[in-house]
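To start, the structure itself, in structure tokens.
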Number of protein chains: 2
Amino acid sequence: MNIGEIAKRAGVSRSTVSYALSGKRPVSGETRQKIQRVIDELGYQPNASARALANGRTDTIGLVFPPAGNHYTGMQLDFIGSVVEAAATYDYDVLLSPSGVDSDRSFQRLLGERRVDGAILMEIRLDDDRLEHLAALDFPSVAIGRSAHPDGSWWVGLDHTALAAACVHHLADLGHRRVAFVNRPEQLLRAGYESAHRGLDGFTKAAAERGLTVRTYTCGDDAASGLTCLERILHDDPATTALVTLNEAALGGLYRGLAQAGRHVPRDFSVTGVVASRWAETVTPQLTAADVPAEQMGRLAVDLLVQRLDHPDTPARNHLLAPPISLRASTAPATP
Amino acid sequence: MNIGEIAKRAGVSRSTVSYALSGKRPVSGETRQKIQRVIDELGYQPNASARALANGRTDTIGLVFPPAGNHYTGMQLDFIGSVVEAAATYDYDVLLSPSGVDSDRSFQRLLGERRVDGAILMEIRLDDDRLEHLAALDFPSVAIGRSAHPDGSWWVGLDHTALAAACVHHLADLGHRRVAFVNRPEQLLRAGYESAHRGLDGFTKAAAERGLTVRTYTCGDDAASGLTCLERILHDDPATTALVTLNEAALGGLYRGLAQAGRHVPRDFSVTGVVASRWAETVTPQLTAADVPAEQMGRLAVDLLVQRLDHPDTPARNHLLAPPISLRASTAPATP
DNA sequence: CCCGCTCCTCGAACCGGTTCGACGGAAGTT
DNA sequence: AACTTCCGTCGAACCGGTTCGAGGAGCGGG
């Protein structure tokens, strides 16, 4: 069922069929109909590989996502879903690439073998060799997150500095003086993940500004780690009355730890952080948090990438999002 | 950076380069080294589209997943991750395809345009036209879930009937007599989703067998729906003392509803169901549940698909999994 | 010395599209 | 009636690989 077969049955040349389909040159109405009839009858669809080979575009974008080692968070899921959906509206497919330990193999494959027209990179590090690599190749890509030197590159990111600071101010306004910070896992922090770094930064600075006494922790991406992390927090400073978390996956464990320690949320202890709304609403009491707009970010990333693909000379664009804190039920004034 | 360029610089023909790389014909050690040197120097990687066009294989598998309309569950996320990872070990890439309202467009694209060598289908319905379509085309695919007539087709599924029954027996053994069932959303049930149907079936039969008084509910895939569903349960029969849920995303809402109704889990009310372990462990108290082995299923699905691709004439194979119930902390003997 | 065999390499055809230059015929000009 | 213009179509080349049949070089055997 190739274009030659269609041409033969319609009694025209292959190029005429091609033009009839692409509309890049005029084709008489009569011929077009004849061709269309044959196509409908045979259910012809052009071969994607052949098309890609001929015109150099695969109509596919790569989504480079973190390895399973660090467990996926709900936010990542929502993000992936929205990317796929947004890409579909532009008639792009999405190819997943695990960027793991051998980030090279799979990543190089995407680029070197020209499997994709452009890429979206998740979980950016402040110093990200992948970004430098892509920039050096001038390969169309959009980063989710802002590296240390984001100027002149394409990205959509969350203002983690501002969000963490907003959490601090919210707690400080409620009268909390001793606050803990629960970050992503230590290995991610050490690897230089931007959300972990900028979040920590924003938290620390804002806390200093407000004169709070703080302790910061890293915590594995699962409930069990959240539980032990909370135990450490109360052990290190039993007078702690609130915490800020960037760690969505640990949230359940943190809550459990508080329950086990006999601290009632929000009466005895306030919890807030940066978490996708769906997950903030799953826990009881519902989490007062800066809602990560994962879906919006996915859509924006695709928008930017498509624009970059369609207009290669557009100057770099980006979106820095800073969603407000949604007041729910997990924070309350500190009891004096 | 194409094969012709490599050939020119190495002073050999294009075909020799091809054979040196594929090893499908002997090439002298000397020539091979000469070619390899040029390749290393120029960083050549063969173009995937050209290769696919020539040999008819894309080295890509399609993952057809449900539309975003019904929100993704954690289990789906784990599953997608494990599929991508398992595929990578076989040197396959994964192309995502949202099979949504216009299941046709995106789905047809995958197949008709030959973008993938095979496909994995999630969220199977008992009567799934996609499966029939694929079977008619003899297109290599593996279903996640078991349709009404699974014989002669490839799939890996969860024995929802047995799992739901196991939950019932667990509760009955604990002395519960009035039990509610929280299913996936009504629209999915009506669409014929197999997990919803078989789960309901297993629940109903086992409950009849044990002489329990039951009520069954459908519930949206989010916390808010879980909350209202629980309110309905207690309103319809305040004497209910336990529930079984297939609805992972509603779990948080169910718990909240119980807390609001003043029912303590597990003292006053037992909760169990079929949920991925990661999520069962995030709630407090941790959920006693049949753990959905999402990662294992992803790996198995890829294994089957690859086998089917490598040996097209293998008779159909499948895996029916029935993980045991993990006892955690959400069930207890009924108080008389 | 010639033949046949093995081993390696080459050229050409092919996969299924896109695109460019050319060409034939109808319509419009003078 | 001859000349240009424009429209629609065609053939050929190309994208970058793979694969097949053929052929040359080197070798041992007769």
Original post:
How far does CG of A:L96 sit from OG1 of B:T60, to the nearest 0.5 angstrom?
Top reply: 11.0 Å
Protein-nucleotide distance ([X], atom [atom1]; [N], atom [atom2]), rounded to Å:
X      : N      : atom1 : atom2 : value
A:K8   : D:dG11 : NZ    : C1'   : 16 Å
B:N55  : C:dG16 : CG    : C1'   : 14 Å
A:R57  : C:dG17 : CZ    : P     : 18 Å
A:I39  : C:dG17 : CD1   : P     : 10 Å
A:I3   : C:dG17 : CD1   : C1'   : 6 Å
A:I6   : C:dT18 : CD1   : C1'   : 16 Å
B:R115 : C:dG16 : CZ    : P     : 16 Å
B:Y44  : D:dG17 : OH    : C1'   : 7 Å

Among [options], which nucleotide sits nearest the side chain of [X]?
X     : options                : value
A:R51 : C:dC15, C:dG17, C:dC10 : C:dG17
B:T31 : D:dG8, C:dT9, D:dC15   : C:dT9
B:S15 : C:dG16, D:dG17, D:dC20 : D:dC20

Side-chain donor/acceptor of [X] to base of [N], under 3.5 Å:
X     : N      : result
B:R25 : D:dT19 : no
A:R14 : C:dG17 : yes
A:Y19 : D:dC10 : no

Original post:
Nearest nucleotide by nearest heavy atom, which residue falls closer to the 5' end of DNA chain C, A:N2 or A:S22?
Top reply: A:N2
**OP:** Hey, which sits more toward the 5' end of DNA chain D by its nearest nucleotide, B:S49 or A:T16?
**Re:** A:T16
Original post:
Between the side chains of B:Q108 and B:E113, is a donor N or O closer than 3.5 angstrom to an acceptor N or O?
Top reply: no
**OP:** Assess the side chains of B:T16 and B:S13: does a donor N or O sit below 3.5 Å from an acceptor N or O?
**Re:** yes
Kindly say if [X] contacts the phosphate of [N], meaning a side-chain N or O under 4.0 Å from OP1 or OP2.
X     : N      : answer
B:K24 : D:dT19 : yes
A:N47 : C:dG16 : no
A:S13 : D:dC10 : yes

Subject >> Sugar-phosphate only, base, or nothing, as touched by B:P46 at under 4.0 Å among non-hydrogen atoms >> reply: sugar-phosphate
Original post:
Looking across every strand, which nucleic acid part, if any, lies under 4.0 Å from B:S18 by heavy atom: base, sugar-phosphate, or nothing?
Top reply: base
Subject >> Under 3.5 Å donor-acceptor, A:E194 side chain and A:I124 backbone >> reply: no
Subject >> Under 3.5 Å: donor-acceptor pair, side chain of B:D78, backbone of B:E295 >> reply: no
Original post:
Is there a side-chain contact between B:F107 and B:L134, using heavy atoms and a 4.5 Å cut-off?
Top reply: yes
